[in-house]
Amino acid sequence: DAGVTQSPTHLIKTRGQQVTLRCSPKSGHDTVSWYQQALGQGPQFIFQYYEEEERQRGNFPDRFSGHQFPNYSSELNVNALLLGDSALYLCASSPPGLNQPQHFGDGTRLSIL
Amino acid sequence: QKEVEQDPGPLSVPEGAIVSLNCTYSNSAFQYFMWYRQYSRKGPELLMYTYSSGNKEDGRFTAQVDKSSKYISLFIRDSQPSDSATYLCALYKAAGNKLTFGGGTRVLVKP
């Protein structure tokens, strides 16, 4: 049973560019959340998708947007990249219901030059 | 002030010792509590999930919750070098959708 898978594993971009990160949830999970983890810090919630809609959003600017597809997979898009966007981007999936434990992928490491 | 506080460590212990980790939180709306383990260059791995005050055991791991003090703990018995990792506490508010994480505690178990 495959867990949460993310692609790519590592990405290098320059300031001002745009990036798309992808996530496939664990089998049986319908909810996908995205987190940003800066070096040496805990993950920070970006947003959560359920039934192809953004259900909740953290304190991130509109440059961060997402999408969920009918097969529950998800994308995170970041426009106009800044140096401060360099981080590990984690996707987590959870089964139906509130307050379900979230299971994480290994993330995409994004480096901005 | 952060909603969830966690000592960053590093915490260094000899193999076989008990590792004691904790988090404090300020908002009584937090009702569900998780502990994750994160190895270098990997995603967080769920270790424990609980919502009741009291203790929950799973193998060498014990999670403890004290809602009245807003304090949660994780104990690792008979620690092994393979337990060397960063440990993150994560909390849900009731009927919430997002996890709020502590900053993580780095643990080093020396052979």
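Note on naming: letters A, B, ... go to the chains in the order of the sequence lines (proteins, then strands), and numbering restarts at 1 for each one.
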#### Entry: Options B:Gly102, B:Ala90, B:Gly103, ranked by heavy-atom pairs under 4.5 Å with chain A, top entry
B:Gly103
### Message
Hydrophobic cluster membership, with links at side-chain heavy-atom distances under 4.5 Å among I/L/V/M/F/W/Y: are B:Leu88 and B:Phe75 in one?
### Response
no
### Within one Ile-Leu-Val-Met-Phe-Trp-Tyr cluster: B:Leu47 and B:Leu108, side-chain cutoff 4.5 Å
no
#### Entry: Connected via hydrophobic side-chain network under 4.5 Å: A:Val19 and A:Leu113
no
### Summary
Answer key: most heavy-atom pairs under 4.5 Å with chain B among A:Pro43, A:Gly107, A:Gly58 is A:Pro43
### CD1 (B:Ile18) with more than 12 external heavy atoms under 6.0 Å
no
Chain A against chain B: donor-acceptor pairs under 3.5 Å:
from	atom 1	to	atom 2	distance (Å)
B:Tyr36	OH	A:Gln102	O	2.6
B:Gln38	OE1	A:Gln37	NE2	2.9
B:Gln38	NE2	A:Gln37	OE1	2.9
B:Gly43	N	A:Asp106	OD1	2.9
B:Tyr49	OH	A:Asn99	O	2.2
B:Tyr92	OH	A:Gln100	O	2.8
B:Tyr92	OH	A:Gln102	NE2	2.8
B:Lys93	O	A:Asn99	ND2	3.0
B:Ala95	N	A:Asn99	OD1	3.1
B:Asn97	O	A:Gln48	NE2	2.8
B:Asn97	O	A:Gln102	NE2	3.3
B:Asn97	ND2	A:Gln56	OE1	3.2
B:Leu99	N	A:Tyr35	OH	3.1

### Task
Identify which part of B:Leu99 has an atom lying under 4.5 Å from any heavy atom of chain A, answering side chain, backbone, both or neither.
both
#### Entry: More than 12 heavy atoms from other groups under 6.0 Å of CG on A:Leu39
no
### Task
Using the rule that two of Ile, Leu, Val, Met, Phe, Trp, Tyr join whenever any of their side-chain heavy atoms come within less than 4.5 Å, decide whether A:Ile46 and A:Leu81 are in one cluster.
yes
### Task
Measure across A:Pro101 and B:Leu46 and return the closest heavy-atom pair with its distance rounded to 0.1 Å.
CB-CD2, 3.5 Å
### Task
May I ask whether A:Phe45 and B:Phe30 are part of the same hydrophobic cluster, defined by side-chain heavy atoms of I, L, V, M, F, W, Y residues being less than 4.5 angstrom apart, directly or through others?
no
